[in-house]
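This report refers to the structure that appears directly beneath it.
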Amino acid sequence: MDFSIAKRSIFFFALLPTLLSAQYTDVINSNRPGRAVSAYAVGKGVVQAEVGLFYEQQDNVDLNSDSNIFGTDYALRYGLLFEQLEINLEGSFMSQNITYPDFGIEGNLTNFSRNRLGLKYLVYDPYKNPERNKPNLYSWRANNVFQWKNLIPAVSLYGGANFLFGDNPFYPGDPSLSYRGGVNTQSRLSPRVVLISNIAYDRIGTDFPEWRYALSVSHAFRDPRWSIFVEGQGISGDRYSDIILRTGVARLINSDFQADFHLGSGFKNSPSRIFAVLGFSYRLDFHKDQVKAIDEQRAGQNGSIKKNANKRKSKKDKNKEKDDIDF
């Protein structure tokens, strides 16, 4: 038995509730890679940029067209007013070179395929409950196996607006302003596995509104700087519908900088889609912990004190605790 690993595990689990009970974390919390969005905000005073460069190949059987697309994804996030609230600007700008072989016609379409400003607010965080967060200091297995209570997610609400500039060739006839509303959830299934789900009703106020949903599972390796993810995204609307699958890897460079890479594909042939994305996330950390005087703290917030808490334990009780240790 490697007791150094056991000691690190105990320390990690003792610290974990402190990290999860607030929005802010000491390590950058990025929505990249993929399109699924975390339920948590970046934390008050944190400015975070997330950028991706992508290439996509599209072939449309119905139109008999071929396309090469180059572009960039971007997101700028800021923790506003308090820990649970975030304002974000996100979108995609792309250039599509399209060819119609039957007619010998070539063209180029360039504009924003996404451009929206929104607010995200955490309405429920299961890790705020101090009793739920207590690790089992006598059993490594109890802290690492799946438990049904882990399915209870953190929940946030999103509301925002889409903006179109000029004569956008990707949304012909749409108004310059439309709306989006959604719900984001996040569950920590185990210390290394996180499940995120999103559902949103998008482009409200246009003739072609869309339902969008995503389900993402991330897994951290033994070296926590590395993680992988698998994501499924669905789009349902009169203008465009598809199911898109993504998978990739992220690497933490330092506490404020992350790099990622992922591949993806659609399931339809009108158009068929294959793409690759290289991305980066970086934050400027202006977060300051709020110090609260002990006489202002709510009594019992770390759990009630038991009646016999100060009573000296018998030798029999001490021996029983030793027998319960399960590293």
Side-chain angles (χ1 to χ4, degrees), residues 32-37 51-75 90-116 160-182 198-216 229-248 260-279:
R32 300 193 58 87
R35 288 288 178 85
V37 175
V51 180
L53 304 174
F54 65 85
Y55 168 77
E56 181 172 331
Q57 173 68 44
Q58 281 191 12
D59 298 321
N60 195 315
V61 172
D62 293 344
L63 301 177
N64 192 23
S65 65
D66 302 323
S67 298
N68 294 305
I69 301 173
F70 296 89
T72 180
D73 295 321
Y74 60 88
E90 56 185 340
S92 299
F93 186 86
M94 69 185 201
S95 178
Q96 179 178 5
N97 298 312
I98 186 169
T99 303
Y100 298 90
D102 290 348
F103 303 99
I105 299 175
E106 296 184 2
N108 179 269
L109 307 177
T110 301
N111 211 307
F112 291 93
S113 60
R114 286 189 304 144
N115 194 54
R116 59 177 173 254
N162 301 297
F163 299 92
L164 297 181
F165 299 104
D167 187 13
N168 192 309
F170 303 115
Y171 301 99
D174 278 11
S176 58
L177 178 65
S178 61
Y179 304 96
R180 175 186 176 99
N198 302 160
I199 184 168
Y201 192 47
D202 201 8
R203 314 207 70 79
I204 302 169
T206 72
D207 294 333
F208 302 97
E210 299 173 338
W211 281 103
R212 291 178 174 260
Y213 51 91
L215 189 67
S216 176
F229 88 106
V230 176
E231 176 184 292
Q233 181 187 20
I235 304 169
S236 179
D238 292 336
R239 173 180 279 151
Y240 175 65
S241 296
D242 202 353
I243 296 176
I244 301 169
L245 183 66
R246 299 180 177 90
T247 185
D260 63 82
F261 177 77
H262 75 269
L263 302 168
S265 174
F267 281 81
K268 296 182 64 176
N269 57 12
S270 56
S272 63
R273 301 179 59 184
I274 300 176
F275 53 86
V277 186
L278 175 65

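All residue numbers refer to positions in the sequence shown, counting from 1.
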request  = Determine, step by step, whether D242 and F267 satisfy the side chain to side chain contact (heavy atoms under 4.5 Å, CB included) criterion, reporting the C-alpha distance in whole Å, the side-chain angles of both residues, the deciding distance to 0.1 Å, and the verdict.
outcome  = CA-CA 7 Å; D242 202 353; F267 281 81; 4.1 Å; yes
query = Are any of the side-chain heavy atoms of S265 and L245 separated by less than 4.5 Å?
reply =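 A side-chain contact under 4.5 Å is absent here.
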query = Are the side chains of F275 and Y55 in touch, meaning some heavy atoms are under 4.5 Å apart?
reply =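 The answer is no; the side chains never approach within 4.5 Å.
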message = The criterion is side chain to side chain donor-acceptor pair (under 3.5 Å); which residues satisfy it with R203, sequence neighbours excluded?
response =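 In terms of side chain to side chain donor-acceptor pair (under 3.5 Å), with neighbours along the sequence ignored, R203 is linked to no residue.
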key: Contacts of type side chain to side chain donor-acceptor pair (under 3.5 Å), residue S95, not counting sequence neighbours   =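 With neighbours one apart ignored, the set is N108, T110.
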[X] side chain vs [Y] backbone, donor-acceptor pair below 3.5 Å:
X	Y	value
S272	K268	no
Y171	S113	yes
D73	G52	no
Q233	I243	no

Taking atom types as modelled, find out whether [X] and [Y] have a side-chain donor-acceptor pair closer than 3.5 angstrom.
X	Y	result
D174	N168	no
N60	Y100	no
N162	S178	yes

Please round to the nearest 0.5 Å and tell me the distance separating atom [atom1] of [X] and atom [atom2] of [Y].
X	Y	atom1	atom2	answer
I199	R212	CD1	CZ	13.0 Å
S241	I235	OG	CD1	8.0 Å
F70	M94	CZ	CE	12.5 Å
R116	S92	CZ	OG	8.5 Å
R114	R35	CZ	CZ	4.0 Å
T206	L177	OG1	CG	11.0 Å

ask   = Taking only residues two or more places apart in sequence or in another chain, which ones pass side chain to side chain contact (heavy atoms under 4.5 Å, CB included) with L109?
value =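 Here the qualifying residues are Q96, P169, F170.
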Shortest non-hydrogen contact from [X] to [Y]?
X	Y	value
G237	E210	CA-CG, 4.4 Å
S65	P101	CA-CD, 4.5 Å
F54	V277	CB-CG2, 3.7 Å

query = Mind checking what makes salt bridge (charged side-chain N to carboxylate O under 4.0 Å, His left out) contact with R246, not counting sequence neighbours?
reply =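 Applying salt bridge (charged side-chain N to carboxylate O under 4.0 Å, His left out) to R246 gives E231.
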ask   = By salt bridge (charged side-chain N to carboxylate O under 4.0 Å, His left out), which residues pair with D260, not counting sequence neighbours?
value =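 So D260 forms a salt bridge (charged side-chain N to carboxylate O under 4.0 Å, His left out) with R32.
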request  = Using the six-membered ring wherever Trp is involved, compare the ring planes of H262 and F229 and label them parallel, tilted or perpendicular (cut-offs 30° and 60°).
outcome  =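 H262 vs F229 ring planes: perpendicular.
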task = Give a yes or no on this: more than 12 heavy atoms of other residues, nucleotides or ligands lie within 6.0 Å of atom CZ of F103.
result =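 Counting neighbours around CZ of F103, 12 or fewer heavy atoms of other residues, nucleotides or ligands fall under 6.0 Å, so no.
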inquiry  = For residues 53-66, which residue pairs pass the salt bridge (charged side-chain N to carboxylate O under 4.0 Å, His left out) check, not counting sequence neighbours?
reply    =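 Non-adjacent pairs meeting salt bridge (charged side-chain N to carboxylate O under 4.0 Å, His left out): E56-R273.
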